[in-house]
**Student:** 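One structure follows; several queries about it will come next.
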Amino acid sequence: MARIAIVGCGLVGTSWCLVFARAGHQVLMHDPSEAAVASARDFIARSLPDMVAQGLLQGRSGDQVMALLTPASDMAEAVDQADHVQESAPEIVDVKRALYRELDRMAGPATVLASSTSALPASSFTEGLAGRSRCLVAHPINPPHLIPLVELVPSPWTDRAVVDRTETLLRDAGQAPIRLKREINGFVVNRLQSAVLAEAFRLVADDACEVGDVDAAMAQGLGLRWFFMGPFETIDLNAPGGITDYCAKLGPMYHELAKEQAVVRPWDAGLVAKVESQRRALLAKESLPQRRSWRDRCLAALVAAKRQVARDWGR
Ligand SMILES: NC(=O)c1ccc[n+]([C@@H]2O[C@H](COP(=O)([O-])OP(=O)(O)OC[C@H]3O[C@@H](n4cnc5c(N)ncnc54)[C@H](O)[C@@H]3O)[C@@H](O)[C@H]2O)c1
């Protein structure tokens, strides 16, 4: 059992509490707002029955998970003797800089300081710290208790052993960490998403098809394979001779397409209005909250199914 401090218990911090507690770790919950910690505990308590039913608690009961959560109003108390701190404070570089000065002072030298930041490189808020080699980015996809991927991004001064330890902790907790070799804008996931979104907007801007057709192309087509394999494995399996065969046959076509896609287009107001009006014809604005609940239920059910498939047939 490790001792984990969650610093910042908003949307993402709350979900991290679930990730570590269901893995059997002791979780210290700290947030400058005591109301945030209370609502994090409420959210977790409300989510547990569904998670038990869907087999997403790694064999633990809801009571066992709740018993592993301890609010800590004092940050020093939360991070004292922690093996791992998962910081999920607001995405403001000055807030992170001030917070890491405190964390570096309060946490013992063996404690790893991992940030959930979506876009800030760790070098932007850890440079001057005595303990900067134990700091890194561990970027989840929200909500991490359902979506396992975590992007581990070291700064130029992060100790490799710190990345190794974080990878092991997360993998053992049931997450799926990937390692970046260096800091890069957008990490991996947002770069991939950016490429797909750029093309989705281009297709609608050029009136090649409607918004609903682009979404269907992904949800009823590409996405079914991408749900359990990446783009490289997909093309490796899509030609009799594997990836080299695929690239020999289709590489020139993709090269021509990439030339058409190379010029960056802004998402200007007219284009956004066109996408918005086509989406609103498919879903009224007042139905967005209801549709979000539908999305979350689908996501939980599909994650449970994916875990079952991995257990039965391997990853
Ligand atoms: N929301 C997402 O989809 C998402 C996904 C991945 C990563 N992230 C990253 O996770 C981090 C948190 O995002 P969020 O969406 O949970 O934000 P949030 O606003 O829901 O939660 C932030 C929490 O931090 C607390 N806080 C404020 N100042 C603090 C301080 N000095 N020390 C500790 N806690 C403090 C706030 O009280 C709040 O409870 C950000 O860095 C964000 O980029 C967010």
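Start at 1 and go down the list; that is how both ligands and their atoms are numbered. Being a predicted model, the structure only gives us computed values, none of them experimental. Sequence positions, counted from 1, serve as the residue numbers for this chain.
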**Student:** What residue and atom, counting heavy atoms only, is the protein's closest point to atom 24 (O) of ligand 1, and at what distance?
**Tutor:** Pro90 CD, 3.4 Å
**Student:** If you count heavy atoms of other groups shown closer than 6.0 angstrom to CD of Glu34, is the number above 12?
**Tutor:** no
**Student:** List the atom of Ile44, the atom of Thr14, and the distance in Å for their closest heavy-atom pair.
**Tutor:** CD1-O, 3.8 Å
**Student:** Measure the distance from atom 31 (N) of ligand 1 to every protein heavy atom, then report the residue, atom name and distance (to 0.1 Å) of the closest one.
**Tutor:**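 Atom 31 (N) of ligand 1 sits closest to the protein heavy atom Val95 CG1, 4.1 Å.
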**Student:** Test salt bridge (Lys or Arg N to Asp or Glu O under 4.0 Å) on Glu256 and Lys259; report intermediate values, then the result.
**Tutor:** CA-CA 5 Å; Glu256 289 307 309; Lys259 282 195 248 170; 3.0 Å; yes
**Student:** Quick one, Glu167 and Leu152 - any side-chain contact, counting heavy atoms below 4.5 Å?
**Tutor:**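 Answer yes - side chains close enough.
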**Student:** For atom 9 (C) of ligand 1, what's the nearest protein heavy atom and its distance?
**Tutor:** Ser116 O, 3.3 Å
**Student:** Side-chain heavy atoms under 4.5 angstrom apart, residues restricted to Ile, Leu, Val, Met, Phe, Trp, Tyr: same cluster for Leu136 and Leu103?
**Tutor:**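 In one cluster with Leu136: Leu103, no.
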**Student:** In the protein, what heavy atom is nearest to atom 3 (O) of ligand 1, and what distance, to one decimal place, separates them?
**Tutor:**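 Going by distance alone, atom 3 (O) of ligand 1 is nearest to Asn142 CB, 3.3 Å.
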**Student:** Under a 4.5 Å cut-off applied to non-hydrogen side-chain atoms, are Met29 and Leu69 in contact?
**Tutor:** yes
**Student:** Relative to Phe228, does Lys306 satisfy both conditions: NZ or CZ under 6.0 angstrom from the six-membered ring centre, and within 45 degrees of the ring's axis?
**Tutor:** no
**Student:** Looking at Leu99, which atoms of ligand 1 are within less than 4.0 Å of one of its heavy atoms?
**Tutor:**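 Ligand 1 atoms under the 4.0 Å threshold to Leu99: 32 (N).
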**Student:** Would you say ligand 1 has an N or O under 3.5 Å from any N or O of Leu11?
**Tutor:**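 Indeed, backbone or side chain, Leu11 has an N or O that close.
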**Student:** So is there a nitrogen or oxygen of Asp31 less than 3.5 Å from a nitrogen or oxygen in ligand 1?
**Tutor:**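 Yes, Asp31 has an N/O under 3.5 Å of an N/O on ligand 1.
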**Student:** Looking only at protein heavy atoms, identify the closest one to atom 8 (N) of ligand 1 and say how far it is in Å.
**Tutor:** Ser118 OG, 3.2 Å
**Student:** Taking both backbone and side-chain atoms of Val12, is any N or O found less than 3.5 Å from an N or O belonging to ligand 1?
**Tutor:**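 Looking only at distances, the answer is yes, because the N/O contact criterion of under 3.5 Å is met.
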**Student:** Grab the two heavy atoms, one from Thr126 and one from Cys135, that are nearest each other, plus how far apart they are.
**Tutor:** CG2-CB, 3.6 Å
**Student:** Would you say atom 17 (O) of ligand 1 touches the protein, meaning some protein heavy atom is under 4.0 Å from it?
**Tutor:** no
**Student:** Mind checking whether Glu87 has a heavy atom under 4.0 Å from ligand 1?
**Tutor:**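 So Glu87 does not count as touching ligand 1.
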**Student:** Is Val27 linked to Leu170 within one hydrophobic cluster, defined over Ile, Leu, Val, Met, Phe, Trp and Tyr using a side-chain heavy-atom separation of less than 4.5 Å?
**Tutor:**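 Yes, same cluster.
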**Student:** Cluster question for you: counting only ILVMFWY and a side-chain heavy-atom cut-off of under 4.5 Å, with indirect links fine, are Phe43 and Val7 together?
**Tutor:** no
**Student:** Starting from atom 22 (C) of ligand 1, find the nearest protein heavy-atom neighbour and note its residue, name and distance.
**Tutor:** Ser88 O, 3.7 Å
**Student:** Is atom 37 (O) of ligand 1 near the protein, in the sense that some protein heavy atom lies at less than 4.0 Å from it?
**Tutor:**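 Within 4.0 Å: yes, protein heavy atom nearby.
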**Student:** What distance do Ser61 atom OG and Met66 atom CE have between them, rounded to the nearest 0.5 Å?
**Tutor:** 11.0 Å
**Student:** Is it true that Ile4 and Val12 fall in one hydrophobic cluster, defined by side-chain heavy atoms closer than 4.5 Å?
**Tutor:**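 Per the 4.5 Å side-chain linkage, Ile4 and Val12 are co-clustered.
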**Student:** Counting both backbone and side chain atoms, is some N or O of Glu91 under 3.5 Å from an N or O of ligand 1?
**Tutor:**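 Yes - when backbone and side-chain N and O of Glu91 are compared with those of ligand 1, one distance drops under 3.5 Å.
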**Student:** What protein heavy atom lies closest to atom 33 (C) of ligand 1? Include the residue and the distance to one decimal.
**Tutor:** Pro32 CD, 3.6 Å
**Student:** Considering the heavy atoms of Val7, write down every atom of ligand 1 situated less than 4.0 Å from one of them.
**Tutor:** 33 (C)
**Student:** So which of Gly8, Ala89, Ala98, Ser115 gets nearest to atom 11 (C) of ligand 1, if we judge by its closest heavy atom?
**Tutor:**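 When every heavy atom of Gly8, Ala89, Ala98, Ser115 is considered, Ala89 comes closest to atom 11 (C) of ligand 1.
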**Student:** Is it the case that atom CZ in Arg265 sees more than 12 heavy atoms from other parts of the structure closer than 6.0 Å?
**Tutor:**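 Counting neighbours around CZ of Arg265, more than 12 heavy atoms of other residues, nucleotides or ligands fall under 6.0 Å, so yes.
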**Student:** Any idea which part of His139 is under 4.0 Å from ligand 1, heavy-atom wise: side chain, backbone, both or neither?
**Tutor:** side chain
**Student:** Just heavy atoms, cut-off under 4.0 Å: does Ala36 contact ligand 1 by side chain, backbone, both, or neither?
**Tutor:** side chain
**Student:** Show me which atoms of ligand 1 lie under 4.0 Å from any heavy atom of Thr117.
**Tutor:** 41 (O)
**Student:** Starting from atom 21 (O) of ligand 1, what is the nearest protein heavy atom, named by residue and atom, and what distance separates them?
**Tutor:** Gly10 CA, 3.3 Å
**Student:** Should you measure from each heavy atom of Lys96, which atoms of ligand 1 turn up under 4.0 Å away?
**Tutor:** 40 (C), 41 (O)
